[in-house]
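Notes follow once the structure below has been shown.
What you see is a predicted model, and the numbers here were worked out from it, not measured in a lab. Numbering of ligands and ligand atoms starts at 1, following listing order. Sequence positions, counted from 1, serve as the residue numbers for this chain.
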Amino acid sequence: MTTLDQFATDKLARLEAGALRRRLRPTARAAGAVLERDGQRLISFSCNDYLNLSTHPAVIDAAIDAARRHGAGAGASRLVTGDHPLYCALEARLAALKQTEDAVVFGSGFLANTGIIPALMAREDAIFVDELAHACIWAGARLSGAALHVFRHNDLAHLAELLAAHRQAARHAMVVTDGVFSMDGDLAPVGEMLALAKAHDAWLMTDDAHGIGVINEGRGSAHGHDVPLQMGTLSKAVGSYGGYLCASHVVCELIRNRARSFVYTTGLPPAVVGASIAALDLIATDPAMCAAPLAHARRFCAALGLPPAESPIVPLLLGTAERALAAQAVLEAAGFLVAAIRPPTVPEGTARLRFAFTACHAPDDIDRLAQLVHDRILVTA
Ligand SMILES: Cc1ncc(COP(=O)(O)O)c(C=O)c1O
């Protein structure tokens, strides 16, 4: 008989053998992009805090003020007594930024995707998903019970083929994609995809977790397109925590009634909501700040002769998990933290370094990092 501990030990040993075991490492964040890990000071090119708003004094003050006025926790689901007054202000700001009628906030981006999709789609329906969509889109799509059709990454012709073959048999159809791909940094062709979805009577949902705050002056990758379901997170450029859906009022009301990860969970703590409001105010009024992470990513790409970045995320594909880990170690020894990303987060054979650029990175540090990558990683590639 295998004991539970033996089962866990065997599983971990298998991960270790494939260089796929992960370990938590306590990491203290200082101001800007600086971190401390194992007594070493590192400049992080791995944080999704693209605008460094998690340490912005106005955002921290807003969090403290919200906790003083409304308490440390929400105390209940929003539909019971947890809908503290800050939520309304946060949802209004999100709707204004995204130019939608309404917005609804969730406990996290993961919770948003696992709540929204099953609230709208069921067994009789069909969901068309980009093959590189984020794990929580897959989780939501699978939970819904709808038929899943996977199109090749950003391949509109393949999506059109699948819609032509499978749309008719389904009651409702949804096309779902990341707006900015979290591990590749490229953008979905939102305008063309929306037209295609509309032509096949399908609803488009974009996940703009990595777009809000940093693409299109902070308005995100769907800006300028009438995307009916615009999901995202407050945990990256907004520097705080929580997920959201921006949509029409009636769709948001349905989500408030039917999304299980909204109904059956406690509201976000007031401090988190207060921080998000302050951060969104900064995003709405500072386009130069919002443009900086992409400019920094492009500086890095230009220095290495890579194609221009489309977002603050730049991947450097290295193939095996072992190679990605070795490259991470080389950079860490030189004072830079750049996370190695391995399967199953990315497809087999595409382990990589994922560089994430933020507003406060100093040009000199970006240039030093590029030089190091050129001299120590690309030469051995
Ligand atoms: C594309 C995408 N969607 C959703 C999420 C989940 O967001 P959160 O961290 O708020 O749960 C992430 C973050 O990891 C993401 O990269």
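Ring centroids of F357 and F300 are separated by less than 6.0 Å, placing the two rings close together. The six-membered or imidazole ring of F181 lies near that of H153, with a centre-to-centre distance under 6.0 Å. In this structure, F355 has its ring center at least 6.0 angstrom away from the ring center of F45.
Taking a 6.0 Å sphere around CZ of R68, one finds it holds 12 or fewer heavy atoms contributed by other residues, nucleotides or ligands. Around CD of Q168, the count of heavy atoms belonging to other residues, nucleotides or ligands within 6.0 Å does not exceed 12.
In this structure, R23 pairs ionically with E16, as a charged nitrogen and a carboxylate oxygen lie closer than 4.0 Å.
No heavy atom of G243 sits closer than 4.0 Å to any atom of ligand 1.
Every atom of ligand 1 is numbered from 1 in the order shown, and the set under 4.0 Å from a heavy atom of S182 is 16 (O). Heavy-atom contacts of A209 reach the following atoms of ligand 1: 1 (C), 2 (C), 3 (N), 15 (C) (cutoff under 4.0 Å). Under a 4.0 Å criterion applied to the non-hydrogen atoms of S108, ligand 1 contributes the atoms 10 (O), 11 (O). The D178 neighbourhood of ligand 1 comprises atoms 1 (C), with distances under 4.0 Å to a heavy atom of that residue. Atom numbering of ligand 1 starts at 1 in the shown order; those under 4.0 Å from a heavy atom of S235 are 8 (P), 9 (O), 10 (O).
The nearest non-hydrogen atom to atom 4 (C) of ligand 1, considering only C136, G107, G179, A133, comes from C136.
In this structure, R78 forms no cation-pi arrangement with F262, as its terminal cationic atom is not both closer than 6.0 Å to the ring centre and no more than 45° off the ring axis.
Atom 7 (O) of ligand 1 has its closest protein heavy atom at G109 CA, 3.4 Å. Residue, atom and distance of the protein heavy atom nearest to atom 10 (O) of ligand 1 are T233 OG1, 2.6 Å. Counting protein heavy atoms only, atom 6 (C) of ligand 1 is closest to F110 N, 3.6 Å. With hydrogens left out, the protein atom closest to atom 5 (C) of ligand 1 is H134 CE1, 3.6 Å, a heavy atom. Atom 16 (O) of ligand 1 has its closest protein heavy atom at H210 NE2, 2.7 Å. Closest to atom 3 (N) of ligand 1 among all protein heavy atoms lies D207 OD2, 2.6 Å. Looking only at protein heavy atoms, the nearest one to atom 13 (C) of ligand 1 is K236 NZ, 2.7 Å.
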For this session: Report the C-alpha distance between H158 and F151 in whole Å, list the side-chain angles of each, state the deciding distance to 0.1 Å, and finish with yes or no for ring pair (Phe, Tyr, Trp, His ring centres under 6.0 Å).
Result: CA-CA 6 Å; H158 191 211; F151 58 93; 7.4 Å; no

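R376 has its side chain out of reach of L331: every pair of non-hydrogen atoms, C-beta onward, lies at least 4.5 Å apart.
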